[in-house]
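Single-structure report; data block below.
All figures in this text were calculated on a predicted structure; none of them were measured in a lab. Chain naming here is simple, since letters A, B, ... match the order of the sequence lines and numbering starts at 1 in each.
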2 protein chains.
Amino acid sequence: MSPRDQEQTRRRVIEATIELLTREGRDAVTTRAVAVAAGLQPPAIYRLFGDKEGLLEAVAEHGFATFLAGKNLDPGPHGPVDDLEAGWDLAVEFGLANPALYVLMYADPARPASPAFTAGMEVLMGRIRRLAAAGWLRVDEHLAAAIIHATARGAVLTWLSLPEDRRDPALLTTLREAMLTAVTTREPATQEAGPAGAARALRAALPEQTALSEGERGLLEEWLDRLTHE
Amino acid sequence: MSPRDQEQTRRRVIEATIELLTREGRDAVTTRAVAVAAGLQPPAIYRLFGDKEGLLEAVAEHGFATFLAGKNLDPGPHGPVDDLEAGWDLAVEFGLANPALYVLMYADPARPASPAFTAGMEVLMGRIRRLAAAGWLRVDEHLAAAIIHATARGAVLTWLSLPEDRRDPALLTTLREAMLTAVTTREPATQEAGPAGAARALRAALPEQTALSEGERGLLEEWLDRLTHE
DNA sequence: AGAGGACTGGTAACGTCGATACATGTCACC
DNA sequence: GGTGACATGTATCGACGTTACCAGTCCTCT
């Protein structure tokens, strides 16, 4: 079997698994059931994915990639805050649209970070960085990522655990709003983009702080001037 | 065997299961392993708990009840808002103190609401009601419950999924604060902007600039970190 | 062109799981 | 002291994840 064919078979197995997962639930995903659904023998799964864990990881990655493929990830016209908002919505929408897959990826914290998990974080981190560069970030970048992740995770899992007739869309919008106020500032710390603007803003706010020694502050001011006039 | 003895045996089995769960993980909890740990035969589990699901449910309930037993649930002297805050802390503390148990109870949203789950919600609902009675509630009671639950759930699961050396306690306090401002009409504790925002903006924009040498940039990054973490 | 060998794919099986049927033992009561 | 009901122990079932093993096929080298 050529690598080309093998890739195609992998794809067929993955899609059969997703079908099984979404139609009959997590417990229906057995190696045997997947094998017959994909039209091959149980051991073939192991030749293709190593073990069941490998299969599930491949499934998560495929599902997430497929979802992202239909979305536009470029920065929007309304600034980094709106981009963050859209990114949060994207994460939640993925969970609501693929509950079984989402639970597989995000329910058990013991599961080591899969490529799919990491890919989602990459998207998020890019938006956070732009937010920080524009001076909108209220907290540390890593903390921001954790907050965004936690609110989205909590939103999706709680939403899914509610009976359908008691799901209030306000849960999602309120959590999103809470996330935004926790992570971003209402007023940007700098009006100008790039290092020069940030340096100017920092230069202005500098005299009030005490984290640096006299000498350090002097050198820092020199550097900020250089960055400003670059 | 008298009902009294049976109750005692149930208790022994449950505690053996918790021991197994926390020491060797979820997958180590097999009916056989539990049976030998509790000193009886595998079928005895089924006579006591019906099936494995029943055992796990009993375990969840026992673990949660034991945790709550050591806590004071009465209204505190600082008003309903502080009570809510303490309730949220309680939920999160339970998750951090009993990760395996928490994951068992809250990870999979497909699992129907267990008695333990409901008991936790009861505690929460009481506090929300007092909050509403005192006029502090910004949103519908059910929505408030969902928001509180979602933030706590997201906080615990995200915390547990982070490697230990990257867990920032600020994640918990920030999420708690976000929950409080979303749910109550209390004024958010506005933190002074200071130079932190500008420092973060400069930190994010730093890689793009060329006015500083490698060494200067390294030192500058250290200072910016100090300025943001002050 | 034919023999040898590496590699793919199929079959059968292992050990363990959750769960259950059945036999064995034990105690109360007539 | 026999008898019936109930608790306990034994043996086993089907299904699971996983692996050893064997047959067939295709490429290579002489």
Using ring-ring contact (aromatic ring centres under 6.0 Å, His included) as the criterion, list what pairs up with A/F117, not counting sequence neighbours.
A/Y106, A/H149
The side chain to side chain donor-acceptor pair (under 3.5 Å) partners of A/K52 (sequence neighbours excluded) come to none
Without decimals, in angstroms, what is the distance between A/L20 CG and D/dC16 C1'?
15 Å
Any pair counted as ring pair (Phe, Tyr, Trp, His ring centres under 6.0 Å), so long as it reaches residues 18-40 of chain B, sequence neighbours left out:
none
Once side chain to side chain donor-acceptor pair (under 3.5 Å) is applied, do any residues pair with A/E141, and if so which ones, sequence neighbours excluded?
A/R129
Could you report the tightest heavy-atom contact between B/D83 and B/G76, atom names first, then the distance?
OD1-N, 2.9 Å
Which pairs pass side-chain hydrogen bond (donor to acceptor under 3.5 Å, both in side chains) with one or both residues in residues 109-126 of chain B, sequence neighbours excluded?
B/E53-B/R111
Expressed as a whole number of angstroms, how long is the span from A/L48:CG to D/dT18:C1'?
15 Å
Of residues 27-45 of chain A, the positions that come close to DNA chain D - non-hydrogen atoms, cut-off under 4.0 Å
A/V29, A/T30, A/T31, A/R32, A/P43
Hey, which of these two, B/R47 or A/Y46, hits DNA chain D nearer its 5' end, going by closest nucleotide?
B/R47
To the nearest Å, give me how far apart CD (A/Q8) and P (C/dT8) are.
18 Å
Name the atoms and distances for all side-chain donor-acceptor pairs under 3.5 Å in residues 16-30 of chain B, with sequence neighbours left out.
residue: B/T17; atom: OG1; partner: B/V13; partner atom: O; Å: 2.7
residue: B/E19; atom: OE2; partner: B/R23; partner atom: NH1; Å: 2.5
residue: B/T22; atom: OG1; partner: B/I18; partner atom: O; Å: 3.0
residue: B/T22; atom: OG1; partner: B/E19; partner atom: O; Å: 3.3
residue: B/T30; atom: OG1; partner: B/A33; partner atom: N; Å: 3.0

Considering residues at least two apart in sequence or located in another chain, which fulfil the side chain to side chain donor-acceptor pair (under 3.5 Å) criterion with A/S161?
B/R153
For nucleotides 5-7 of chain C, print each protein N/O atom paired with a nucleotide N/O atom at under 3.5 Å, atom names and distance only.
none

